[in-house]
4 protein chains.
Amino acid sequence: MSNSFARPATQTRSIKTQQKLMDALEALLREKDFDAISVPDLAAEAGVAVGTVYRRFENKEALIPLLFELWTTRSALQMETAAVKAEEVTSADLRQLLRTQMRAAYSFIREQAHILRAVHLQGRLRPQLIGEDWKQLWKDALAGNRAFLELVKDRIGQSDLDRAAEMMIYIANTALVEKALFNEDGPGYVVSAEGDAFADEIADIVYGYLSLGPA
Amino acid sequence: MSNSFARPATQTRSIKTQQKLMDALEALLREKDFDAISVPDLAAEAGVAVGTVYRRFENKEALIPLLFELWTTRSALQMETAAVKAEEVTSADLRQLLRTQMRAAYSFIREQAHILRAVHLQGRLRPQLIGEDWKQLWKDALAGNRAFLELVKDRIGQSDLDRAAEMMIYIANTALVEKALFNEDGPGYVVSAEGDAFADEIADIVYGYLSLGPA
Amino acid sequence: MSNSFARPATQTRSIKTQQKLMDALEALLREKDFDAISVPDLAAEAGVAVGTVYRRFENKEALIPLLFELWTTRSALQMETAAVKAEEVTSADLRQLLRTQMRAAYSFIREQAHILRAVHLQGRLRPQLIGEDWKQLWKDALAGNRAFLELVKDRIGQSDLDRAAEMMIYIANTALVEKALFNEDGPGYVVSAEGDAFADEIADIVYGYLSLGPA
Amino acid sequence: MSNSFARPATQTRSIKTQQKLMDALEALLREKDFDAISVPDLAAEAGVAVGTVYRRFENKEALIPLLFELWTTRSALQMETAAVKAEEVTSADLRQLLRTQMRAAYSFIREQAHILRAVHLQGRLRPQLIGEDWKQLWKDALAGNRAFLELVKDRIGQSDLDRAAEMMIYIANTALVEKALFNEDGPGYVVSAEGDAFADEIADIVYGYLSLGPA
DNA sequence: TATGAATGAGGCTTCATTCAT
DNA sequence: AATGAATGAAGCCTCATTCAT
């Protein structure tokens with residue numbers, strides 16, 4: 001379990017309190033950065049006392065693994081929901097299929113941006129806190145993608161499907177996340193396309209990559 | 001000028017002090033996050049008193065624009081150095097050319113990772129502090145890339161060169177930066193390729209994208 | 001309420017702490033100026049931690065309205081205590097009555113000099129902090145004095161009783177306060193009379209003023 | 001000499017610098033409190049370097065005796081200017097004469113309020129710094145007033161002229177100064193009369209006091 | 001002599017965490 | 001178990017004063 005710093009919540013009341021705290025945290029993350037949220041802030045938002053937070057969590061950092069868990073759970077659900085069935089893959093146009101997938105992924109990421117932003121930043125700032133759950137998530141994503149590539153291998157140029165699966169998730173994720181999280185006004189890599197058009201561009205990039213033959 | 005919060009340093013001694021402080025900051029950024037560096041930390045590393053920091057900089061935040069400037073300057077220099085001459089473009093193999101470029105870019109980013117990490121994080125956390133210099137950097141990069149595409153337009157599938165130039169910088173940057181800054185142990189999008197091999201993969205992705213014809 | 005900057009103290013313990021802090025402040029004000037009292041000073045005197053001060057008071061300035069309140073409360077109590085009954089006024093010698101009153105007032109002011117000194121100085125230095133309570137105090141004092149003049153109007157020369165009431169409080173207060181607060185060693189308007197003799201002099205001045213006919 | 005902390009300024013240039021600093025101080029005192037004026041502030045206003053201030057004055061406190069001196073000098077000049085000649089006293093109406101005097105005094109105090117405010121506050125806060133010059137000023141004032149009373153002794157009720165002289169200066173000064181320095185918006189003893197009308201009221205009070213016979 | 005950069009003690013304040021109620 | 005008052009280390013910053021140039 002990644003939430004090794006959360007105290008066991010056995011009683012019904014404890015579980016409710018823990019839920020209230022996570023809900024409060026999520027609400028506050030829509031407004032400000034994790035580090036800018038103080039424990040009193042959190043307690044107030046959740047409607048409990050400061051001491052109660054420490055009865056549930058060893059310290060403030062212990063919330064981070066739970067955020068990761070939240071993200072992991074929602075991602076897994078999303079992956080499941082968005083998975084295409086084998087028969088659809090066979091019949092569909094590959095480029096179009098990728099676009100549909102990418103739109104869904106982008107939409108999901110934008111909805112969960114507040115969580116992902118925290119996970120992103122804190123994952124970088126406090127790598128020791130994040131547990132290993134995300135590795136499983138990554139493996140699942142990779143496996144799903146690998147299976148997908150298997151279904152379309154005759155229609156693509158890449159021959160090393162493992163490497164291609166890895167690369168295409170990497171490229172799509174970094175591109176989508178950057179845009180969804182930060183590309184509104186901050187500095188960085190400006191791109192004019194927005195929304196579905198942006199997702200389509202990324203899909204095309206993946207499509208171009210898959211189409212590529214050996215060097 | 002982006003360093004509007006730095007106090008003017010006219011005397012030789014001031015300039016030396018300011019340099020000592022920036023050097024100290026850069027050294028500390030190799031170890032820890034900007035927010036984890038206290039003003040006493042910085043003063044100690046630079047070998048000056050706390051008050052001296054405040055004689056040079058209005059407050060701690062005033063260092064951030066200078067970090068941006070540092071990054072901007074170094075980037076501009078790198079772009080100039082790495083620019084390919086027109087005659088080389090004409091004669092070279094496009095895919096190979098992209099690989100060479102991407103390797104240079106990746107190498108540069110890895111060397112400057114400590115600065116870029118701070119610029120990245122603080123740019124997101126305090127967008128109001130970063131000035132507009134990066135926009136010029138972006139425009140220059142875009143213009144250079146656009147000129148490059150013009151030279152090779154007969155060899156690629158994309159017809160909207162403006163959009164393609166924008167997209168290829170975006171994708172290459174997000175991919176390279178993510179790997180260079182965070183992909184060592186943190187969570188995220190693992191990719192097995194390392195070093196030049198990784199840069200080559202990204203170059204291929206760009207190549208694939210450029211090769212692509214209309215949907 | 002003027003203590004709008006004091007945090008609400010609901011629990012018994014909070015109230016005790018707040019009382020300890022106010023007592024400590026009052027004790028320290030007997031030794032030094034408000035601005036010379038640091039928050040650590042105050043905390044040490046009260047026997048609490050620095051952070052505790054900030055749990056009770058928004059910041060150091062928030063103590064000033066409470067000082068005003070203290071002064072206001074004590075003044076009101078004193079005014080009530082010292083008020084002369086109508087029948088006493090009628091029968092008494094006016095000049096003697098004024099002396100008795102002035103002695104009581106001077107004695108009170110000397111006892112509360114440490115508070116009044118802070119209120120005086122800070123009221124000048126930070127007028128925005130003092131609330132409006134003192135206006136009520138002033139109105140009450142004026143009304144009481146006006147009523148007193150009404151009772152003795154046949155025995156005095158002044159005909160505009162409103163103006164006379166205002167003026168006599170003003171003159172008595174500035175004179176008594178100056179002497180009580182500062183006239184021990186500082187520069188200023190030396191006066192040889194001390195204690196009751198001084199109060200009697202001021203009473204005589206008021207008496208002389210009241211006796212005066214039109215110019 | 002009261003300015004025992006000021007370094008001797010023998011050279012012409014030094015004297016000019018000292019004058020520039022005093023002028024700058026006076027200018028700044030029109031805007032803010034002495035304690036709110038920093039040495040860099042002062043140096044900037046005077047157009048000299050910080051170090052130069054310390055070449056002229058041992059420390060910041062050393063300015064205070066000079067402020068006293070300024071006040072003393074100007075007061076003495078004012079007293080001289082405003083002194084009434086013996087023949088005028090004899091012929092004039094006493095009440096009217098007092099009014100004229102009080103108007104002049106009040107007007108002077110209001111013009112010099114910025115200096116007097118500093119002298120007042122700092123005299124209270126740092127009594128050890130103020131030297132003894134003011135005592136001479138006081139003696140002169142007292143002597144002048146005593147001489148005046150001598151001239152009108154047949155027209156007043158008071159028999160102890162020494163005491164009366166002392167008291168009338170005290171009462172007039174505290175009343176006028178309080179109004180001139182602080183009575184605009186701060187807390188305190190509100191009085192509706194303004195300007196000359198206020199000065200006249202104070203003159204009347206003094207007149208009433210002088211008219212008074214023994215208790 | 002003048003300059004202004006450098007110093008560092010000390011002030012105010014925050015907030016993660018502890019603990020008495 | 002819940003509460004919220006109390007704690008105190010640690011951060012940011014100011015400014016009177018010193019001292020190298």
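Below, chains carry the letters A, B, ... as their sequence lines are ordered, and counting in each starts from 1. In this text the structure is predicted, and so the values were computed from the model without any measurement.
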> For DNA chain E, what string of dots and brackets results from 5' to 3' when Watson-Crick and G-U pairs need both distances under 3.5 Å, crossing pairs get [ ], and pairs with another strand get |?
Replying inline: .||||||||||||||||||||
> Rounded to whole angstrom units, what separation is found between the CD1 atom of A/I37 and the C1' atom of E/dA16?
Replying inline: 15 Å
> Within the structure, does a side-chain N or O atom of C/Y54 lie under 4.0 Å from either OP1 or OP2 of E/dT14?
Replying inline: no
>> Rounded to whole Å, how long is the line connecting atom CG of A/N59 with atom C1' of E/dT17?
In response: 9 Å
> What integer distance in Å separates B/E58:CD from F/dC13:P?
Replying inline: 10 Å
> What integer distance in Å separates A/I15:CD1 from F/dA1:P?
Replying inline: 12 Å
> To the nearest angstrom, how far is C/K60 atom NZ from E/dG10 atom C1'?
Replying inline: 12 Å
> Out of E/dC12, E/dA5, F/dA6, which has the shortest distance to the side chain of B/S14?
Replying inline: E/dA5
> What are the two closest non-hydrogen atoms of B/K60 and B/D35, and how far apart are they?
Replying inline: NZ-O, 3.8 Å
> Looking at B/R126 and A/D33, does any basic side-chain N land under 4.0 Å from a carboxylate oxygen?
Replying inline: no
>> Using OP1 and OP2 only, check whether a side-chain N or O of A/T52 sits under 4.0 Å from F/dT3.
In response: yes
>> On a heavy-atom basis, which atom in C/F57 and which in C/A62 lie closest, and how many Å separate them?
In response: CB-CB, 4.2 Å
> Hey, mind stepping through D/Q18 and D/L66 against side-chain contact (heavy atoms from CB on, under 4.5 Å) and telling me if it holds?
Replying inline: CA-CA 10 Å; D/Q18 175 152 341; D/L66 289 204; 3.5 Å; yes
> Nearest nucleotide by nearest heavy atom, which residue falls closer to the 5' end of DNA chain F, B/D35 or A/G51?
Replying inline: A/G51
>> What is the distance, to the nearest angstrom, from the CZ atom on B/R56 to the P atom on F/dC13?
In response: 16 Å
> Is the count of non-hydrogen atoms from other residues, nucleotides or ligands lying under 6.0 Å from C/K16 atom NZ greater than 12?
Replying inline: no
>> Quick check on DNA chain F: between B/P40 and C/V53, whose nearest nucleotide comes earlier from the 5' end?
In response: C/V53
> Counting side-chain heavy atoms from CB outward, which of E/dT7, F/dA20, E/dT17 is closest to B/V48?
Replying inline: E/dT7
> Any side-chain N or O of B/R55 less than 4.0 Å from the OP1 or OP2 oxygen of E/dA5?
Replying inline: yes
> Looking at D/L67 and D/A118, what are the two nearest heavy atoms and their distance?
Replying inline: CD1-CB, 3.9 Å
> B/M22 and B/L63: which non-hydrogen atoms are nearest, and at how many Å?
Replying inline: SD-CD2, 4.2 Å
>> Rounded to whole Å, please give me the gap between CZ in D/F57 and P in F/dT18.
In response: 16 Å
> Nearest-Å distance, NZ (A/K20) to P (F/dA2)?
Replying inline: 9 Å
>> Need one value for B/V39: base, sugar-phosphate or nothing, where a base atom within 4.0 Å counts as base even if backbone is also close, heavy atoms only.
In response: sugar-phosphate
> With nearest nucleotides of DNA chain E determined for B/T17 and A/S38 from heavy-atom distances, which residue corresponds to the more 5′ nucleotide?
Replying inline: B/T17
